[in-house]
K.L.:
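My structure is below; once you've seen it, I'll send some questions.
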Amino acid sequence: MKSAKAVFLDRDGVVNEMNTGRVRQVNGPDDVHLLPGTAEAIRGLAEAGYRVYVVTNQGGVGLGYMSLADLEAVHKRLEELLAKKGARLDGIAFCPHKPDYGCACRKPQPGMLLELAKRHRLSLSESYMIGDRESDIAAGRAAGTRTIRVNGAADRSKGRADGSREGAGSARRPRRHGRASFTADWNVSSLLEAAVLIVHRLAEERGLP
Ligand SMILES: [Mg+2]
Ligand SMILES: [Zn+2]
C-alpha cells in the first residue's frame, strides 16, 4: 500500500481564532470561531489528496483549566463548523500534558506527528506541518515534514534549550542559534495561502503546468 501524504495543522491561530478581540482562550465550544478561509483550505488539501490532521498542545487540561470533556466539546464544535462548510478533518491529536511534564507529544516534540504517521502510514517527507509558533515548526522539522509558518501572532514560546527568548515582533528575524530547528521553509499570512502553496508545489512536482 502506498503511503499517504498529510498536512498537520496547529489549531489555535491557524484553524480557529486566537488572541482576537472575541477569543482570548479556547476553553469551551463557544470560543471556537473558524478563521477566514479555513474550510476552503481544508477542502482544497483533501481534494489534492492530502489527509488533514489537527495537532494541538492542550496543556490547560493537565493544568486543570479545562476538562477532557470540555476539550471534546471544543473539537466537536470545530468539526461541526467545518462540516457546515463541506470540510472535514481526518483526525485531531492533542497533548493534554502540563507544559513541564516532559512528554514526547507536546510540541516542539514531534510525538503527535510520529504517532499519526505510524498509525495511518503517512509519508512524513511528503507531508507538511503548518503552525503559527516556533514550537509548531520545530515539531514538523523533528518529524521530517516540510514546514509552513502562518504569521498570525507574535511568538510567545520561551525557555528554549539555549536559553534564548523570543520577544514580540522578532519572530521573523534570522537567528544564529538553532535556526534550522524552528525556521519554517515558507512563511505565509493564512492557512488558505499555505494550502494554495502546497497544492501548487504538488502540481509542480508532478510536472503539470
Ligand atoms: Mg497556535
Ligand atoms: Zn503530551
Side-chain angles (χ1 to χ4, degrees), residues 5-27 29 31-46 48 50-60 71 74-85 87-96 105-113 116 122 124 127-143 145-157 166 168 171-172 182-199 201:
K5 305 181 295 288
V7 180
F8 302 102
L9 309 176
D10 173 48
R11 194 191 78 183
D12 299 332
V14 173
V15 167
N16 54 277
E17 292 182 23
M18 184 66 167
N19 293 322
T20 59
R22 61 182 171 178
V23 181
R24 294 185 58 218
Q25 299 280 339
V26 180
N27 289 333
D31 301 324
V32 181
H33 299 276
L34 295 180
L35 282 161
T38 289
E40 292 80 356
I42 293 171
R43 281 206 316 258
L45 290 169
Y50 288 91
R51 308 270 181 84
V52 183
Y53 300 97
V54 162
V55 290
T56 179
N57 284 352
Q58 293 299 324
L71 186 60
V74 165
H75 290 160
K76 183 162 177 279
R77 177 68 58 86
L78 178 60
E79 290 180 319
E80 286 167 0
L81 293 174
L82 287 171
K84 274 188 202 164
K85 296 187 169 190
R88 61 173 286 276
L89 296 166
D90 290 286
I92 300 176
F94 60 89
C95 164
C105 42
R106 184 177 171 85
K107 296 173 287 183
Q109 299 301 319
M112 289 188 282
L113 287 70
L116 286 166
L122 307 174
L124 287 165
S127 298
Y128 292 81
M129 173 73 213
I130 303 176
D132 65 341
R133 290 196 178 191
E134 288 182 350
S135 54
D136 300 315
I137 302 311
R141 283 212 180 275
T145 72
R146 301 162 183 181
T147 56
I148 305 178
R149 179 118 173 219
V150 175
N151 291 300
D155 203 295
R156 290 195 187 81
S157 58
E166 189 78 9
R172 305 181 77 162
F182 52 85
T183 301
D185 296 319
W186 297 275
N187 285 278
V188 299
S189 60
S190 69
L191 177 56
L192 188 54
E193 200 180 319
V196 168
L197 185 152
I198 290 169
V199 172
R201 279 188 55 86

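This chain uses plain numbering: 1 for the first residue, then up along the sequence. No experiment lies behind these values; they were computed from the predicted model shown.
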K.L.:
Going by the rule salt bridge (charged side-chain N to carboxylate O under 4.0 Å, His left out), which residues pair with Arg201 if we only count those two or more places apart in sequence or in a different chain?
P.N.:
Glu205
K.L.:
Where is the tightest heavy-atom contact between Asp132 and Gly13, given as atom of each residue plus distance?
P.N.:
OD2-CA, 3.6 Å
K.L.:
Using the salt bridge (charged side-chain N to carboxylate O under 4.0 Å, His left out) criterion, which residues pair with Asp12? Sequence neighbours excluded.
P.N.:
none
K.L.:
Looking only at heavy atoms, which two atoms of Gly131 and Asp10 are closest? And how far apart?
P.N.:
CA-CB, 3.8 Å
K.L.:
Quick one: are Leu35 and Asn16 in side-chain contact, heavy atoms under 4.5 Å?
P.N.:
no
K.L.:
Sequence neighbours left out, what passes side-chain hydrogen bond (donor to acceptor under 3.5 Å, both in side chains) with Thr56? Give chain and number order.
P.N.:
Gln58
K.L.:
At their closest point, which heavy atom of Ile148 faces which heavy atom of Ala194, and how far apart are they?
P.N.:
CG2-CB, 3.9 Å
K.L.:
Identify the two heavy atoms, one from Leu116 and one from Ala93, that lie closest to each other, and give their separation to 0.1 Å.
P.N.:
CD1-CB, 4.0 Å
K.L.:
Taking only residues two or more places apart in sequence or in another chain, which ones pass salt bridge (charged side-chain N to carboxylate O under 4.0 Å, His left out) with Asp90?
P.N.:
Arg88
K.L.:
Among residues at least two apart in sequence or on other chains, which ones pass side-chain hydrogen bond (donor to acceptor under 3.5 Å, both in side chains) with Arg106?
P.N.:
none
K.L.:
So do Val74 and Asp31 actually touch side chain to side chain, heavy atoms under 4.5 Å?
P.N.:
no
K.L.:
How many angstroms lie between CD1 in Ile137 and CG in Asp185, if you round to the nearest 0.5 Å?
P.N.:
8.0 Å
K.L.:
Could you tell me which residues satisfy side-chain hydrogen bond (donor to acceptor under 3.5 Å, both in side chains) with Gln25, sequence neighbours excluded, listed by chain and number?
P.N.:
none
K.L.:
Counting C-beta onward and ignoring hydrogens, is there a side-chain heavy-atom pair between Arg146 and Trp186 closer than 4.5 Å?
P.N.:
yes
K.L.:
Lys107 side chain to Arg133 main-chain N or O, any donor-acceptor pair under 3.5 Å?
P.N.:
no
K.L.:
Would you check if Arg11 and Val26 make a side-chain contact, meaning some heavy-atom pair closer than 4.5 Å?
P.N.:
yes
K.L.:
Got a sec, which residues hit side-chain hydrogen bond (donor to acceptor under 3.5 Å, both in side chains) with Asn27, two or more places apart in sequence or on another chain?
P.N.:
none
K.L.:
One pair to check against side chain to side chain contact (heavy atoms under 4.5 Å, CB included): Val15 and Leu34. What are the steps and the verdict?
P.N.:
CA-CA 6 Å; Val15 167; Leu34 295 180; 4.3 Å; yes
K.L.:
Does Lys76 have any salt bridge (charged side-chain N to carboxylate O under 4.0 Å, His left out) partners at least two apart in sequence or in another chain, and if so, which?
P.N.:
Glu80
K.L.:
Between Arg149 (side chain) and Asp136 (backbone), is there a donor-acceptor pair under 3.5 Å?
P.N.:
no
K.L.:
Checking Thr145 now: which residues fulfil side-chain contact (heavy atoms from CB on, under 4.5 Å) with it, not counting sequence neighbours?
P.N.:
Phe8, Leu113, Leu124, Ser127, Met129, Ala143, Thr147
K.L.:
Report the residues that fulfil side-chain contact (heavy atoms from CB on, under 4.5 Å) with Ala39, sequence neighbours left out, ordered by chain and then residue number.
P.N.:
Leu82, Lys85, Ala87
K.L.:
Are side-chain heavy atoms of Thr38 and Val14 found at a separation under 4.5 Å?
P.N.:
no
K.L.:
Can you sort out the partners of Leu192 under side-chain contact (heavy atoms from CB on, under 4.5 Å), two or more places apart, ordered by chain and number?
P.N.:
Glu40, Ala41, Ser190
K.L.:
With a 4.5 Å cut-off on side-chain heavy atoms, are Ile92 and Glu79 touching?
P.N.:
yes
K.L.:
Using the test side-chain contact (heavy atoms from CB on, under 4.5 Å), find all partners of Ala83 that sit at least two apart in sequence or belong to another chain.
P.N.:
none
K.L.:
Side chains of His33 and Leu81: closer than 4.5 Å at any heavy-atom pair?
P.N.:
no
K.L.:
Quick one: does Leu45's side chain get under 4.5 Å of Tyr128's, heavy atoms only?
P.N.:
no
